[in-house]
Amino acid sequence: MEYISIKGGNRLCGKVSMSGAKNASVAILPAAITCGGVVVIDNLPQIEDVTNLAKALESLGAKCEFTNNNTLVVDATCVSKHALDANMAKSTRASYYFMGALLGRLGRAEVPQPGGCDLGVRPIDYHKRGFTTLGANCTDEHDVVHLSCDGLKGANIYLDSPSVGATINLMIASVFAEGVTMIENAAKEPHVVDTANFLNKMGAKITGAGTATIRIRGVKKLGGGEYTVIPDPIETGTYMIAAAITGGDVTVENVIPKHMESLSSKLREMGCIVEEGGDWIRVQGNENLKACEVKTAYYPGFPTDLQPQMAALLCKANGSSIITENIFEQRYRYASEFKRLGANIKIDGRMAVVKGNCRLKGATVHATDLRAGAALIVAGLAANGETLVGNVCHIDRGYERFEDKLRSLGADISRITKDE
Ligand code: EPU
């Protein structure tokens, strides 16, 4: 079995460059199905979710070729299959974007329930209701969503909460819907904007992405072209927190500082020095971190995807901190693994109390999901002795060259195979 081994205690110092955003890439790849020409997508992170989606595109009839580690050429002009294989769907959460893409392009789609991180119940009712509002028939049979339509018609769609997945899926589907579609109470996350920018570059007419109201005027056809994915805000945040927890001095490059405001301001509140330029952020840690309150929220609030990594940092603060998780109520499954490292975390529903001044000590732990895995690695960087993090498959789904990048900053980290 594979483990990531971290011998804690090293201060991280130096510069590290960020990869393309996972959650933008995993939306743009399925969205490429709607394109009527060859699409070149640059700055894709080299991670399992991207590889799996390229395979899924091929299984539907698209031609895909990686011209280097981070550039994929997709020719989806010959896509004719409308049914996605169950194993493909299970390999990533983002397989649900094939619903909107295939429905818009072919007028029908069969997509099995998506996989992804187990963060409690993750319904897709807003997606399905939205497709119905656009004029599609939508049924669930044996865990497969069946969609069909005789041309979609623009409509007003109101989301009960600003779901990232529903916003993107409905935006992709309505690119070809006749007339105008309005998505109200839309998600504002950077990857929503990036997907809209990608579709617009190929000829779509989407305005308002990044605000609560997105307007899509249907077009007859999209073309092809080249697109570069934005840098990953969650990868960026993970390195910023890693710098802080080791009392280090790290400049994270190729980032969009505006996307990081909620974290930058929290780190400053805790006593770190955070400086930023056009495309970089420098974080200098502090021996005396202050405890604080963290409440996860939709963008531009504090991202739920950085909540576990932040919990690791709060273990080193002076005093008790309180986390409120407002997006996924079961996103504390990592707490029992943290306790093996000596952390003192008490969970009560959506709230976690993290006692600081904790002397973390190395232990064998297991990633319960992607960001939990990243958080265990971050905690291991500050623990005494060796931490072994198992279930590395979760981490490989979302972080490009994680160990290499941390090692370049001075971490003692490697991948090992151990007999059970
Ligand atoms: N929700 C519903 N019904 C729906 C859709 C969502 O009730 O039809 C609820 C969810 O249960 C949840 C909230 O709305 O409480 C937010 O869900 P959202 O749809 O925004 O999340 P998602 O699309 O399932 C994406 C990311 C997650 C990230 C969340 C929140 C992708 C592929 N996944 O998930 O990323 O945590 O948005 O920002 O983009 C990760 O990268 O580690 C990750 C889990």
Side-chain angles (χ1 to χ4, degrees), residues 19-31 45 47-50 52-53 56 89-100 113-133 138 140 145 157-172 183 185-195 229-230 232-238 259 262 296-310 324-331 333-334 350 367-375 393-400 402:
S19 301
K22 167 179 109 55
N23 286 344
S25 303
V26 301
I28 288 171
L29 287 176
I47 53 173
E48 289 286 316
D49 269 15
V50 164
N52 287 334
L53 285 169
K90 286 269 168 298
S91 69
T92 163
R93 178 97 195 136
S95 57
Y96 55 22
Y97 293 133
F98 284 112
M99 293 179 196
Q113 282 296 327
C117 293
D118 181 3
L119 310 174
V121 187
R122 296 178 77 180
I124 53 167
D125 51 323
Y126 306 167
H127 306 230
K128 293 190 276 188
R129 265 208 304 280
F131 294 137
T132 310
T133 308
C138 179
D140 259 310
V145 177
I157 299 169
Y158 177 83
L159 301 179
D160 287 347
S161 60
S163 150
V164 168
T167 302
I168 293 179
N169 223 347
L170 296 169
M171 196 167 71
I172 297 171
I183 307 176
N185 200 22
K188 301 173 191 157
E189 268 70 1
H191 35 293
V192 174
V193 179
D194 209 34
T195 311
V229 175
I230 53 164
D232 196 317
I234 306 303
E235 187 194 25
T236 305
T238 304
H259 292 167
S262 60
T296 67
Y298 297 104
Y299 187 83
F302 192 93
T304 174
D305 292 345
L306 286 175
Q307 180 260 100
Q309 300 89 315
M310 196 63 181
T324 312
E325 171 54 58
N326 290 310
I327 313 295
F328 294 112
E329 54 187 296
Q330 291 186 41
R331 205 163 194 171
R333 291 206 169 123
Y334 61 83
R350 289 185 176 274
T368 47
D369 62 64
L370 167 60
R371 307 304 173 186
C393 56
H394 287 302
I395 298 162
D396 292 340
R397 280 193 30 240
Y399 286 86
E400 180 174 77
F402 204 6

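Each ligand, and each atom within it, is numbered from 1 in the order the structure gives.
Below 4.0 Å from some heavy atom of Tyr298 lie the following atoms of ligand 1, by number and element: 13 (C), 14 (O), 16 (C). Remark: ligand 1 atoms within the under-4.0 Å shell around heavy atoms of Ile327 are 12 (C), 15 (O), 16 (C). Against a heavy-atom cut-off of under 4.0 Å, Arg122 is close to the following atoms of ligand 1: 22 (P), 24 (O), 27 (C), 34 (O), 44 (C). Within ligand 1, counting atoms from 1 as listed, the ones closer than 4.0 Å to a heavy atom of Asp305 are 27 (C), 28 (C), 35 (O), 36 (O), 40 (C), 41 (O), 42 (O), 43 (C), 44 (C). Residue Gly165 approaches ligand 1 through these ligand atoms, each under 4.0 Å from one of its heavy atoms: 19 (O), 23 (O). Residue-ligand proximity, Arg331 to ligand 1, at heavy-atom distances under 4.0 Å covers atoms 36 (O), 42 (O), 44 (C). Near Thr304, the atoms of ligand 1 lying under 4.0 angstrom from a non-hydrogen atom of the residue are 30 (C), 36 (O). Listed by number with element, the atoms of ligand 1 under 4.0 Å from a non-hydrogen atom of Leu119 are 44 (C).
In terms of the side-chain contact (heavy atoms from CB on, under 4.5 Å) criterion, residue partners of Ser262 (sequence neighbours excluded) are, by chain and number, Phe302, Pro303. Taking Lys188 as the reference, nothing meets the salt bridge (Lys or Arg N to Asp or Glu O under 4.0 Å) condition, with sequence neighbours excluded.
Atom 16 (C) of ligand 1 lies below 4.0 Å from at least one non-hydrogen atom of the protein.
Protein heavy atom nearest atom 4 (C) of ligand 1, with residue, atom name and distance: Pro123 O, 3.1 Å. Counting protein heavy atoms only, atom 23 (O) of ligand 1 is closest to Tyr96 OH, 2.6 Å. Phe328 CZ, 3.7 Å is the protein heavy atom nearest to atom 21 (O) of ligand 1. The shortest contact between atom 19 (O) of ligand 1 and any protein heavy atom is with Ser163 OG, 2.6 Å. When hydrogens are left out, the protein atom nearest atom 41 (O) of ligand 1 is Arg371 NH2, 2.8 Å; that is the closest non-hydrogen contact. Ranking the protein heavy atoms by distance from atom 20 (O) of ligand 1 puts Val164 N, 2.8 Å first. Closest to atom 8 (O) of ligand 1 among all protein heavy atoms lies Tyr126 N, 2.8 Å. Distance from atom 3 (N) of ligand 1 to its nearest protein heavy atom, with residue and atom name: Asp125 OD1, 2.7 Å.
Judged by distance alone, the side chain of Ser95 and the main-chain N or O of Ala89 form a donor-acceptor pair under 3.5 Å. Panel note: side chain Glu235, backbone Gly237; no donor-acceptor pair is recorded below 3.5 Å. Looking at Asp194, its side chain never comes within 3.5 Å of a backbone N or O of Pro190 through a donor-acceptor pair. Judged purely by atom type and a 3.5 angstrom limit, Asn326 uses its side chain to pair as donor or acceptor with the backbone of Thr296. Between the Glu325 side chain and the Phe328 main chain, a donor and an acceptor come within less than 3.5 Å of each other. Checking side-chain atoms of Glu400 against main-chain N and O of Pro45 turns up no donor-acceptor pair under 3.5 Å.
Under the 4.0 Å criterion applied to side-chain N and carboxylate O atoms, Asp49 and Arg93 are not assigned as salt-bridge partners. Between Lys22 and Asp232 no salt bridge is recorded (no basic side-chain N to carboxylate O distance below 4.0 Å). Taking the charged nitrogens against the carboxylate oxygens, Asp118 and Arg333 do have a contact shorter than 4.0 Å, which makes a salt bridge.
Between Asn23 and ligand 1, at least one N/O pair is under 3.5 Å apart. Taking any N or O of Glu189, backbone or side chain, none lies under 3.5 Å from an N or O belonging to ligand 1. Considering backbone and side-chain atoms alike, Ala94 places every N or O at 3.5 Å or more from each N or O of ligand 1. Looking at Leu370 next to ligand 1, no N or O pair under 3.5 Å apart turns up.
Between Leu159 and Ala166, the closest heavy-atom pair is CD2-CB, 4.2 Å. The two residues Ser25 and Val229 make their nearest non-hydrogen contact at OG-CG1, 3.6 Å.
Between Tyr299 and ligand 1 there is no heavy-atom distance shorter than 4.0 Å. Using a non-hydrogen distance threshold of 4.0 Å, Gly398 does not register as a contact of ligand 1.
Residue contacts with ligand 1 for Lys22 involve side-chain atoms from C-beta outward but no N, CA, C or O (heavy atoms, distance under 4.0 Å).
Ring pair Tyr299/His259 is perpendicular by interplanar angle, where above 60° counts as perpendicular and below 30° as parallel.
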